[in-house]
Amino acid sequence: MRSATRKRLGFVVDIIQEYHVSAIIWYQLLCCETYDQESYFFYREMRERGVPMLVVESGYDALDTGALKTRLEAFIELVKGGSVNG
């Protein structure tokens with residue numbers, strides 16, 4: 001997996017440019033160190049490119065639904081340039 005990170009990053013950058021992507025939502029399994037390390041690498045690269053990225057970790061628990069919904073709505077509002085407080 002780690003040896004393919006740069007290749008995946010290049011693929012993501014190509015998609016961002018081709019489809020004029022406004023932001024990225026990175027969803028990963030809670031406590032997965034491999035994905036956590038990779039998300040940091042992607043986050044840093046997206047930040048340098050000016051592409052907002054939200055990293056979401058979940059254990060696939062139904063209890064995460066409310067908090068996840070709130071975080072996603074706030075992120076979308078920020079990307080759109082609107083007010084988070086509505």
*Can you name the closest pair of heavy atoms from Ile25 and Phe75 and give their distance?*
CG1-CE2, 3.9 Å
*Just wondering, are more than 12 heavy atoms of other shown residues or ligands nearer than 6.0 Å to OH in Tyr43?*
no
_To the closest 0.5 Å, what do you measure between OH (Tyr27) and CD (Glu57)?_
10.0 Å
_Measuring from atom CD of Gln17 to atom CD1 of Ile15, what distance do you get when rounded to the nearest 0.5 angstrom?_
11.0 Å
_Gap between atom CG of Leu54 and atom CD1 of Ile24 - 0.5 Å precision_ = 11.0 Å
*Heavy-atom count around Arg47 CZ within 6.0 Å, excluding the residue itself: above 12?*
no
*CZ/Phe41 to CG/Leu9 distance, rounded to the nearest 0.5 angstrom?*
5.0 Å
*Option passing side-chain contact (heavy atoms from CB on, under 4.5 Å) with Val51 (candidates Val12, Ile16, Val79, Val13)*: Ile16
*Between Ser39 and Val55, what is the shortest heavy-atom contact and its length?*
OG-CG1, 4.1 Å
*Kindly give the heavy-atom pair with the smallest separation between Pro52 and Ser22, and that separation in Å.*
CD-O, 3.2 Å
*How many angstroms lie between atom CE of Met53 and atom CD of Glu45, to the nearest 0.5 angstrom?*
11.0 Å
_Closest non-hydrogen atom pair, Val56 against Arg71_ = CA-NH1, 4.2 Å
_Distance, nearest 0.5 Å, that separates OG1 of Thr5 from CZ of Arg8_ = 4.5 Å
*Do Glu38 and Trp26 have side-chain heavy atoms sitting under 4.5 Å apart?*
yes
*asked:* More than 12 heavy atoms of other residues, nucleotides or ligands under 6.0 Å from CZ of Phe11: yes or no?
replied: no
